[in-house]
Amino acid sequence: MQENDQENFKRELGLLDGTMLVVGSMIGSGIFIVSADIARQVGSAGWLTLIWLISGLITIIAAVSYGELSAMFPKAGGQYVYLKEAYNKLIAFLYGWSFFAVIQTGTIAAVGVAFSKFASYLYEPLSDENILYELGSFKLNAAQIVSIFTIVVLTYINSRGVKNGKILQTVLTIIKILSLLGLIVFGLTLAAKASVWDANWADAWTTRSYNKDTGSWLPISGTALITGISAAMVGSLFSSDAWNGVTFIAGEIKNPKRNVGFSLFLGTFIVTIIYVLTNLMYLAVIPLDEIATAKSDRVAVVASQYIFGDIGTLIIAIMIMISTFACNNGLIMAGARVYYTMAKDGLFFKKAAVLNESSVPAWALWAQCIWASALCLTGKYGDLLDFVIIIVLIFYILTIYGIFILRKKMPDAERPYRAFGYPFLPMLYIVIATAVCVSLLLTKFSTCGWGVLIMLTGIPVYYLTKPKE
């Protein structure tokens, strides 16, 4: 394969497509569900809103910091390439290894499962309670089949060329943004009650945690409060993740030096606004106790029933199905480009470095599809989120610190765009994200510890499979 194979990618994505890929990949099912867990952890309207705001702001800081890297290295593979340039092949491999083992595939599986969860609202037999096959302790249910089916369909669409994936992504994401804005507007105009809003904000900053067993609230402060905040941030950070997908697909973006960074900023900014407004709408419509105790954490369903009555449940189910479908389309499209770039470096299966007649890495797409489908069968997608978020944060920290390294290492390199607020804002992100990581390891070691272990198992794999220089 020639070195210029990079150019065989077709540059068919504009700024709108890049921004819609960021927005579409970020908004999955989190915003419809996660606020319940955050409310239980911190127990107040002020803190609920603040946690979404902080998660949004640090995501925007990370995204605008990546702008410098994306303008320096406007090619397929994104974050993997930045890590390789700033550090070395081992660090980049550990990222790619974790990316394939859990980050991307685990997220695809979790989003697929969320899709099937809400599909069963429309058609009961699709639920995870419908067991189709049993073998020992393994049980295959209808929801897993639905999840795998959607992953296979989206992989097939994306294997036919980037244009198909792009059109699907942009159309579904615009529908998703409009439906969320519609929910916010209807909520604030039709169902908002001054009494609910006032009651929720009466003790806006009094922190307490909800005990599910006793159904009562306990005041928290000090260490318990820090633990609560970091546990609450897992959900909001996960809901704000996957914004970096557009960097992986830079090889197919027109004028990538400008458009990748710009779509990162616009996408994360739009999502942060939508997330904060959605939570303010929840607080105007639902008493805080009901947010914390929403059945299966489906806060949006409770809000929608207040706004639209009984049909509200169906409206939300359809919205979440569109949302998660678009989210997985973006994740599937972007993920395969990382394996492609790793394979070009001799750090992944050789076949992943081949583009098909539609100029997309089809083999890499199908390898990702098979592993994500296998993860759907584990059914442990709640644990997967804890595995994923710790590794994701570690690599975001390393990548953003890479900006400092590259400024020293390549002082004369062309930088069409420089990280906004450097060095203060990138360092602020590193400090906050490190604090969240440490707190997670202390409070959720049983799952986050596994995440770190999965990442570290990549070290022997790297040395065993590394091509001889």
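Note that the structure is a prediction, hence the values are computed from the model and not measured.
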> Side-chain donor-acceptor pair under 3.5 Å between W52 and S239, yes or no?
Replying inline: no
> Among F248, F395, Y80, whose ring-ring contact (aromatic ring centres under 6.0 Å, His included) with F99 holds?
Replying inline: F248
> Aromatic ring centroids of F262 and F265 under 6.0 Å?
Replying inline: no
> Do any pairs count as a side-chain hydrogen bond (donor to acceptor under 3.5 Å, both in side chains) and have a residue in residues 17-31, sequence neighbours left out, and if so which ones?
Replying inline: D17-T170
> Can you check ring-ring contact (aromatic ring centres under 6.0 Å, His included) on W243 and Y396, steps first, answer last?
Replying inline: CA-CA 11 Å; W243 49 267; Y396 282 164; 4.9 Å; yes
> Checking ring-ring contact (aromatic ring centres under 6.0 Å, His included) against Y339, which of F348, W97, Y95, F93 comes through?
Replying inline: F348
>> Before we go on, tell me: are the rings of F9 and Y340 under 6.0 Å apart, centre to centre?
In response: yes
> So, R337 and E252, do they make that salt bridge, N to O below 4.0 Å?
Replying inline: yes
Side-chain donor-acceptor pairs of residues 414-439 under 3.5 Å, sequence neighbours excluded:
from: E414; atom 1: OE1; to: K257; atom 2: NZ; distance (Å): 3.3
from: R415; atom 1: NE; to: E68; atom 2: OE2; distance (Å): 3.1
from: R415; atom 1: NH1; to: M410; atom 2: O; distance (Å): 3.0
from: R415; atom 1: NH1; to: A413; atom 2: O; distance (Å): 3.4
from: R415; atom 1: NH2; to: L406; atom 2: O; distance (Å): 2.9
from: R415; atom 1: NH2; to: M410; atom 2: O; distance (Å): 3.2
from: Y417; atom 1: OH; to: V64; atom 2: O; distance (Å): 3.3
from: T434; atom 1: OG1; to: I430; atom 2: O; distance (Å): 2.5
from: S439; atom 1: OG; to: S230; atom 2: OG; distance (Å): 2.4

>> Considering only residues two or more places apart or on different chains, which pairs with a residue in residues 164-188 satisfy ring pair (Phe, Tyr, Trp, His ring centres under 6.0 Å)?
In response: F186-F308
> Sequence neighbours excluded, which residues qualify as side-chain hydrogen bond (donor to acceptor under 3.5 Å, both in side chains) partners of N164?
Replying inline: none
>> Less than 4.5 Å apart, side chain to side chain, heavy atoms only: is that true for L154 and F325?
In response: yes
> Is there a donor-acceptor contact under 3.5 Å linking the side chains of Y66 and Q79?
Replying inline: yes
Without placing hydrogens or testing angles, list every side-chain donor-acceptor pair under 3.5 Å for residues 100-113, not counting sequence neighbours.
from: Q104; atom 1: NE2; to: L331; atom 2: O; distance (Å): 2.9
from: T105; atom 1: OG1; to: F100; atom 2: O; distance (Å): 2.6
from: T105; atom 1: OG1; to: A101; atom 2: O; distance (Å): 3.3
from: T107; atom 1: OG1; to: I103; atom 2: O; distance (Å): 2.5

>> Under 6.0 Å between ring centres: does that hold for W363 and F349?
In response: yes
>> Going by salt bridge (Lys or Arg N to Asp or Glu O under 4.0 Å), name the residues that satisfy it together with K176, two or more places apart in sequence or in a different chain.
In response: none
